[in-house]
Q: 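The structure's right below; bear with me while I get my questions together.
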Amino acid sequence: MYAYVCGDLIQSTKYWSGAEVKDLALSLESLLRAPARVTAFAVSQGDTFQFECAAVHALRVALLFELSARAAGKPGARVAFAFQTERPNPDLPITLHAGPAYTAAGRGVGAVKSTPYHIYYATTKPEEAGWMEAVKACGLLIARLTARQAEVLKSFIHSPAIEQSGISTQ
């Protein structure tokens, strides 16, 4: 299973300079390559971020994107992800990929704009409704974090081996 994670920065033209978006993209690319095994990554239309990864890493990628934006002291991001069984042609840039997950995640970002949560799991399968609610809860909690809290949680999610003593000292 593969996942497509799509998101955009909230009020990017008001809160983010072009250089800050570029710095965030570079930071995310290095942050997400190893632990989350992102297989494709792109920024398009100024503030739209696209990630492809194994489905098992989708929530981690979504969380790290949102936390990175919040840790920068900005309003954060809107993020959505969806799954599909087949990986698109890896020779094509991610901006040219297609499939049900790509369509669903893109629509999910649009859907999350009118909600209080920042992360959305796009699915139409009734059996996955509980998982969708859990993802929404994560999004609600993260939307309330300060920049410092987001930075600490980002460190924990990036390196899950960190222990309570490591969190307390951060």
Side-chain angles (χ1 to χ4, degrees), residues 1-13 16 18 21-70 74-143 153-154 157-158 160:
M1 291 283 285
Y2 291 91
Y4 178 69
V5 183
C6 181
D8 66 0
L9 299 172
I10 296 172
Q11 297 182 340
S12 61
T13 56
W16 294 83
V21 173
K22 186 177 180 178
D23 287 346
L24 177 66
L26 292 171
S27 169
L28 281 168
E29 187 167 25
S30 64
L31 181 73
L32 294 174
R33 284 284 181 195
R37 296 180 191 89
V38 169
T39 53
F41 170 70
V43 180
S44 61
Q45 302 174 12
D47 73 339
T48 300
F49 288 69
Q50 300 167 298
F51 310 90
E52 180 190 272
C53 61
V56 69
H57 301 298
L59 181 57
R60 177 184 277 189
V61 170
L63 289 169
L64 287 171
F65 174 48
E66 165 64 5
L67 289 167
S68 293
R70 295 197 67 73
K74 312 292 184 183
R78 289 177 284 261
V79 189
F81 62 93
F83 302 139
Q84 66 185 44
T85 54
E86 294 182 26
R87 182 173 183 207
N89 183 345
D91 295 330
L92 290 175
I94 190 172
T95 54
L96 297 177
H97 287 182
Y102 297 86
T103 302
R107 288 183 181 150
V109 171
V112 82
K113 286 182 180 183
S114 61
T115 66
Y117 47 85
H118 289 206
I119 300 175
Y120 183 79
Y121 171 55
T123 184
T124 56
K125 298 177 181 176
E127 66 271 17
E128 295 178 3
W131 211 77
M132 183 171 33
E133 292 304 314
V135 171
K136 286 180 187 178
C138 288
L140 279 171
L141 293 170
I142 287 176
L153 187 55
K154 183 177 94 170
I157 290 172
H158 179 263

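Side chains are part of it too, since the values below use all heavy atoms of this structure and drop only hydrogens, waters and symmetry mates. Each residue takes its place number in the sequence, starting with 1.
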Q: Between Trp131 and Phe81, how do the two ring planes meet: parallel, tilted or perpendicular, split at 30° and 60°?
A: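 If you compare the ring of Trp131 with that of Phe81, the planes turn out perpendicular.
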
Q: Could you pull out the closest heavy-atom pair between Ala122 and Ala104, with the gap in Å?
A: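 Smallest heavy-atom distance, with atoms named: CB-O, 3.4 Å.
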
Q: So, do Phe51 and Leu32 sit near enough that their side-chain heavy atoms are less than 4.5 Å apart?
A: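 Touching, per the 4.5 Å side-chain cut-off.
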
Q: Counting C-beta onward and ignoring hydrogens, is there a side-chain heavy-atom pair between Arg70 and Lys154 closer than 4.5 Å?
A: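 A side-chain contact under 4.5 Å is absent here.
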
Q: Does CD belonging to Glu86 count more than 12 external heavy atoms closer than 6.0 Å?
A: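 No - once you tally the heavy atoms of other residues, nucleotides and ligands closer than 6.0 Å, there are 12 at most.
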
Q: On a heavy-atom basis, which atom in Ala58 and which in Val5 lie closest, and how many Å separate them?
A: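 That closest heavy-atom pairing would be O-CG2, 4.0 Å.
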
Q: Is the shortest heavy-atom distance from the side chain of Gln11 to the side chain of Trp16 under 4.5 Å?
A: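 In short, these two side chains do not touch, never coming nearer than 4.5 Å.
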
Q: Quick one: which of Ile10, Val79, Ile142 gives a side-chain contact (heavy atoms from CB on, under 4.5 Å) with His118?
A: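 It is Ile10, the one option of Ile10, Val79, Ile142 that forms the side-chain contact (heavy atoms from CB on, under 4.5 Å) with His118.
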
Q: Got a second to check how far Leu140's CG is from Glu133's CD, nearest 0.5 Å?
A: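 Between Leu140 CG and Glu133 CD, I get 9.5 Å after rounding to 0.5 Å.
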
Q: What is the distance from atom CG of Leu59 to atom CD1 of Ile157, rounded to the nearest 0.5 Å?
A: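 Atom-to-atom, Leu59:CG and Ile157:CD1 are 7.5 Å apart.
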
Q: Between Leu24 and Lys74, is any pair of side-chain heavy atoms under 4.5 Å apart?
A: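 Of all side-chain heavy-atom pairs linking Lys74 with Leu24, none is under 4.5 Å.
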
Q: Heavy-atom distance under 4.5 Å between the side chains of Ile94 and Phe41, does that happen here?
A: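 They are not in side-chain contact.
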
Q: Any side-chain to backbone donor/acceptor pair from Ser27 onto Asp23? Under 3.5 Å, distance only.
A: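 Flag not set: sc Ser27 to bb Asp23 has no pair under 3.5 Å.
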
Q: For the residue pair Thr48 and Gln45, what are the closest heavy atoms and their distance?
A: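 In this case the closest contact between Thr48 and Gln45 is OG1-OE1, 3.9 Å.
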
Q: Are Tyr120 and Arg78 close enough, and set up right, to give a side chain to side chain contact (heavy atoms under 4.5 Å, CB included), and what steps lead you there?
A: CA-CA 8 Å; Tyr120 183 79; Arg78 289 177 284 261; over 6 Å; no

Q: Quick check for you: to the nearest 0.5 Å, what is the distance between Glu128 atom CD and Phe83 atom CZ?
A: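 So the CD of Glu128 and the CZ of Phe83 are separated by 7.0 Å.
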
Q: Quick one: does any side-chain atom of His97 pair with a main-chain N or O of Leu92 as donor and acceptor, under 3.5 Å?
A: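 Side chain of His97 to backbone of Leu92, a donor-acceptor pair under 3.5 Å: yes, one is there.
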
Q: Grab the two heavy atoms, one from Ala55 and one from Ala3, that are nearest each other, plus how far apart they are.
A: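 In this case the closest contact between Ala55 and Ala3 is CA-CB, 3.8 Å.
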
Q: Measuring from atom CG of Leu96 to atom CG of Asn89, what distance do you get when rounded to the nearest 0.5 angstrom?
A: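 Leu96 CG to Asn89 CG: 10.0 Å, rounded to 0.5 Å.
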
Q: Which atoms form the tightest heavy-atom contact between Cys6 and Val109, and what is the distance?
A: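 Reported closest heavy-atom pair: O-CG2, 3.2 Å.
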
Q: Rounded to the nearest 0.5 Å, how far does CG of Leu28 lie from CG of Leu64?
A: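 The CG atom of Leu64 sits 8.0 Å away from the CG atom of Leu28.
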
Q: Gln50: which residues meet the side chain to side chain donor-acceptor pair (under 3.5 Å) condition with it, sequence neighbours left out?
A: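 In terms of side chain to side chain donor-acceptor pair (under 3.5 Å), with neighbours along the sequence ignored, Gln50 is linked to Tyr4.
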
Q: Under the side chain to side chain contact (heavy atoms under 4.5 Å, CB included) criterion, do Lys113 and Asp8 qualify, and how do the steps go?
A: CA-CA 10 Å; Lys113 286 182 180 183; Asp8 66 0; 3.7 Å; yes

Q: Are the side chains of Leu9 and Phe65 in touch, meaning some heavy atoms are under 4.5 Å apart?
A: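 Yes; the side chains approach each other to less than 4.5 Å.
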
Q: Quick check for you: to the nearest 0.5 Å, what is the distance between Cys53 atom SG and Arg87 atom CZ?
A: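 Spacing of SG (Cys53) from CZ (Arg87) equals 10.5 Å.
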
